[in-house]
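Reviewing the structure listed below.
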Amino acid sequence: MCTGLRFTDDQGNLYFGRNLDVGQDYGEKVIVTPRNYPLPYKFLADTKTSKAVIGMGIVVDGYPSYFDCFNEDGLGIAGLNFPHYAQFSKEPVNGKINLASYEIMLWVTQNFTTVKEVKEALKNVNLVSEAINSDFAVAPLHWIISDNEEAIVVEVSKQYGMKVFEDKLGVLTNSPDFNWQVTNLGNYTGLSPHDATLQNWNGQEVMPWGVGTGSLGLPGDSIPASRFAKVAYLNANYPTQKGETANVAKFFNILKSVAMVKGSVINNQGKDEYTVYTACYSSKTKTYYCNYATDFELKKYTITDENLSLNKLTIY
Ligand SMILES: C[C@H](CCC(=O)NCCS(=O)(=O)O)[C@H]1CC[C@H]2[C@@H]3[C@H](O)C[C@@H]4C[C@H](O)CC[C@]4(C)[C@H]3C[C@H](O)[C@]12C
């Protein structure tokens with residue numbers, strides 16, 4: 001499972017990232033793709049990158065295959081599992097921009113600066129079920145895309161085709177679909193950051209005990225709907241913060257509260273599924289912050305004038 005989160009600071013700078021919750025080691029690393037790096041496509045003419053990108057991923061045949069990535073202009077995208085729903089086109093479709101589903105990460109971060117532009121361009125996109133190479137399966141993902149101004153969620157399913165949702169909550173988890181998750185929030189509208197008050201039930205005074213009584217019922221389990229509701233609630237109530245340090249702390253405070261702790265979830269392959277890393281990109285400083293289940297030290301990697309103009313990937 002995974003959880004994506006975005007919010008802005010008091011000056012409108014974006015903080016955007018995710019938890020990666022998996023039961024498998026992909027050997028992922030932080031990768032900076034420079035400008036002018038070869039960018040092959042399955043159905044479009046090969047080209048070169050025009051914007052530097054930073055994020056977490058693996059390199060497959062020289063191709064930076066990102067799990068989440070962010071460009072130097074502050075536009076980012078994260079892929080999260082969307083099992084039982086995600087279904088891409090079997091074949092390319094004439095007259096459309098055909099992208100292999102894994103190509104959406106770099107297509108978005110190379111061609112656009114704003115979500116507004118992405119939304120317009122997506123109207124003509126067809127995502128094709130095509131793996132990078134025969135060693136990999138097609139990942140059944142949906143995506144959250146964000147800039148300073150707004151966020152959207154992109155889903156392609158058998159039931160609904162391609163859908164692009166405004167994500168005012170700044171949250172994405174896994175299945176069911178985004179619309180279902182937002183509808184489900186209606187079950188949590190009684191939550192309040194304020195404590196419950198003293199009640200009188202048939203003459204009996206009933207006292208709320210201690211702080212936090214307004215949030216009784218806020219979920220704490222690991223299912224996607226629970227993580228969605230919890231992060232949506234916390235993101236809506238966490239006060240706007242000033243400065244990079246406080247905003248990065250806000251990000252990790254919220255996402256670690258839905259992190260899956262090793263041993264608490266065992267998937268149907270018998271593997272521990274847990275939060276392997278948490279990562280947050282700051283558009284203000286072009287910095288990718290991350291830490292790992294096995295090492296909480298906060299690592300910082302930045303798109304710099306030096307690494308954006310190299311002619312090779314920088315792999316940390
Ligand atoms: C498993 C990851 C998503 C984690 C997640 O959302 N889990 C939820 C589980 S569930 O819903 O509750 O079942 C996804 C996110 C990005 C994915 C990777 C990226 O898409 C990059 C390549 C793409 C290749 O097609 C497959 C390998 C891969 C390296 C992918 C492996 C895997 O599917 C990743 C790592």
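Note that ligands are numbered from 1 as they come in the structure, with each ligand's atoms numbered from 1 the same way.
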Would you call Glu273 a ligand 1 contact, heavy-atom distance under 4.0 Å?
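Contact present.
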Test item, Gly79 contacting ligand 1 (heavy atom, 4.0 angstrom)
yes
Using a 4.0 Å cut-off to any heavy atom of Ile58, which atoms of ligand 1 qualify?
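So the answer, numbered in order with elements, is 29 (C).
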Go through ligand 1 atom by atom and flag the ones less than 4.0 Å from a non-hydrogen atom of Asp21.
4 (C), 5 (C), 7 (N)
Tell me the contacting part of [X] for ligand 1: side chain, backbone, both, or neither, using a 4.0 Å heavy-atom threshold, strictly below.
| X | value |
| --- | --- |
| Leu141 | side chain |
| Tyr26 | side chain |
| Val22 | side chain |
| Pro83 | side chain |
| Val60 | neither |

Does atom NZ of Lys299 have more than 12 heavy-atom neighbours from other groups under 6.0 Å away?
yes
Select the closest option to atom 35 (C) of ligand 1 among Tyr63, Phe136, Phe67, judged by heavy-atom distance.
Phe67
Do Tyr292 and Tyr274 land in one hydrophobic cluster if side-chain heavy atoms of ILVMFWY residues count as linked below 4.5 Å?
yes
Should Leu80 and Trp180 be regarded as members of a common hydrophobic cluster, given that ILVMFWY residues are connected when their side-chain heavy atoms come within less than 4.5 Å of each other, either directly or indirectly?
no
Considering all heavy atoms, the nearest Val164-Leu122 contact
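Taking Val164 first and Leu122 second, the nearest heavy atoms are CG2-CD1, 4.0 Å.
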Could you pull out the closest heavy-atom pair between Tyr277 and Asp68, with the gap in Å?
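In this case the closest contact between Tyr277 and Asp68 is OH-OD2, 2.6 Å.
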Assess Lys256 against Phe296: is NZ or CZ under 6.0 Å from the centre of the six-membered ring, and within 45 degrees of the ring's axis?
yes
Cation-pi geometry met for Lys312 and Tyr37 (6.0 Å, 45°):
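No, Lys312 does not lie over the aromatic ring of Tyr37.
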Below 3.5 Å, N or O to N or O, backbone or side chain included: is there any such pair between [X] and ligand 1?
| X | result |
| --- | --- |
| Ala137 | yes |
| Ser65 | no |
| Asn174 | yes |

Take Asn253 and Tyr238 through the side-chain hydrogen bond (donor to acceptor under 3.5 Å, both in side chains) test and state the conclusion after the steps.
CA-CA 10 Å; Asn253 281 332; Tyr238 205 121; 3.0 Å; yes
Ring centroid separation Tyr233 to Tyr188 under 6.0 Å:
no
